[in-house]
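Read through the structure below, which is laid out as structure tokens, and then see the notes.
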Amino acid sequence: MIIRSVKAYRILQPFVDGPYRMSKGRTADAFDAVIVALTSDEGVTGWGEMAPLGTFYSAAFAAGAEAGVAEIAPYLLGRDPRALAQISRLMDTVFAGHPYIKSAIDMACWDLAARAAGVPLVTMLGGREGDTAELYKVVTHGTPDSMAAHARRIMDEGYRRIQVKVGGDVHGDIDSLHAVAGVVPKGTVIFCDANAGWMPLKARQFVDATRDIDYVFEQPCRTLEENMSVRKACNKPMVLDESVETLEDLLAIHRMGLADGVTLKISRIGGVSKTRLLRDLAAEMGFMITVEDTGGAEIDTAAMAHLSLSTPEERRSHAIAFHQWVTIRTASNEPPVIGNRMGIPDGNGLGIDVLPETLGEPFLSLTYDR
């Protein structure tokens, strides 16, 4: 089997609930997705997707992914898509760095390989552990009253896990967390996510003023050393997200005793291949694990679901249903959401049925002609 053709699309995915707000005035109105389709000489097509959250969240940006995919695509033609490790090494050889550019391609290879083998992707990722993963929802940044109202709406929908955005004005964020904690039922799982927005001084102020609230502190500062200084003063479990990009990062976090859990984002790490490696090592190291991404619709959410449901159940924290965030549909048979839990679509590979007519014209279309 070889890759016969490569197509790539770019599509804007507006948010259902309007702008997504983080601290310091950072907002986004949509995911700007790059979607890749790889078709074999046997007529099997695999799909991959990556979508950054604006240009402020990470070094990834859609225009960069569009340009990078076009650079890498010619090297894929004629290659066996089932040779997943080889293709991963090939991409790193012909295009140094920029892991987010390779993510959708790698995901499409996994989807194609699983479809060709006639099995769900979860089977190739280690096997299914449980039928569904529990979902969380995000309380985006705002005033204490608006965030409390948002949290109350999430509770009314049946969710019992929330991520509260902090990382801005520390005194305002302290008030916001108290407001949110005051309206959610006892036993609600609260993650406070600063998205690396604070210096250690502010993070320690926040921890000191919120010791009476039960929550998990997520990525208070940017560097490992800064987070370690907060960890020493913190009586809360800590999870790191933005700090986890490479195997070396994960090993350093484990060696330093820096966190109780990690959030692995597929496009930040460079695709399903490398995410699976870090996930499996994190599980062996005893971390709690969340597998998600920076954004996307049905394709990317399906990959997140397969990776989540093949994570050891006792190590799985929660998941997120990004395909419910956006106003457009790029595939049918999407990951099923029932109440506050998400499963895996029935079918081989990712299980979804992509609707090419919703993607528009490809910005790239190459065919192997040898």
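Residue numbers run from 1 in the order of the sequence given.
Residue Asp169 qualifies as enclosed at atom CG: its count of foreign heavy atoms under 6.0 Å is above 12. By the 6.0 Å contact criterion, CZ on Arg79 is open, its count of non-hydrogen atoms from other residues, nucleotides or ligands being 12 or less. Shown here is Arg160, whose CZ atom has more than 12 heavy atoms of other residues, nucleotides or ligands within 6.0 Å.
Considering SG of Cys192 and CE of Met238, their distance stands at 11.5 Å, rounded to 0.5 Å. With rounding to the nearest 0.5 angstrom, the CG atom of Leu350 is 10.0 Å from the CD1 atom of Ile344. A distance of 13.0 Å separates OG1 in Thr311 from CZ in Arg128, rounded to the nearest 0.5 Å. Of the inter-residue distances, the one linking Asp106 atom CG with Lys274 atom NZ reads 8.5 Å to the nearest 0.5 angstrom. The line from CE of Met50 to CD1 of Ile266 is 11.0 Å long, rounded to the nearest 0.5 Å. Here Asp249 contributes atom CG and Ile269 contributes atom CD1; the two are 9.0 Å apart, rounded to the nearest 0.5 Å.
With hydrogens and angles disregarded, no donor-acceptor distance shorter than 3.5 Å links the side chain of Glu49 to the backbone of Ile35. No donor-acceptor pair closer than 3.5 Å links the side chain of Asn348 to the backbone N or O of Ala114. Checked by atom type and distance alone, the side chain of Ser88 never pairs as donor or acceptor with a backbone atom of Leu84 at under 3.5 Å. At least one donor-acceptor pair closer than 3.5 Å links the side chain of Thr294 to the backbone N or O of Ala51.
Electrostatic pairing of Asp208 and Arg204 does not count as a salt bridge here, judged by no charged N lying under 4.0 Å from a carboxylate O. The pair Glu298-Arg329 meets the salt-bridge criterion, with a side-chain N (NZ, NE, NH1 or NH2) lying under 4.0 Å from an Asp/Glu carboxylate O. Under a 4.0 Å N-O distance rule, the pair Asp156/Arg152 does not qualify as a salt bridge.
Under the side-chain hydrogen bond (donor to acceptor under 3.5 Å, both in side chains) rule, Asn195 has a single partner from Glu242, Arg26, His141, Gln219, which is Glu242.
Ring centers of Phe95 and Tyr75: at least 6.0 Å apart, outside the cut-off.
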Practice prompt. Please report the C-alpha distance between Phe31 and Phe322 in whole Å, then the side-chain angles of each, then the deciding distance to 0.1 Å, and finally whether the ring pair (Phe, Tyr, Trp, His ring centres under 6.0 Å) criterion is met.
Written response: CA-CA 10 Å; Phe31 292 135; Phe322 275 147; 5.4 Å; yes

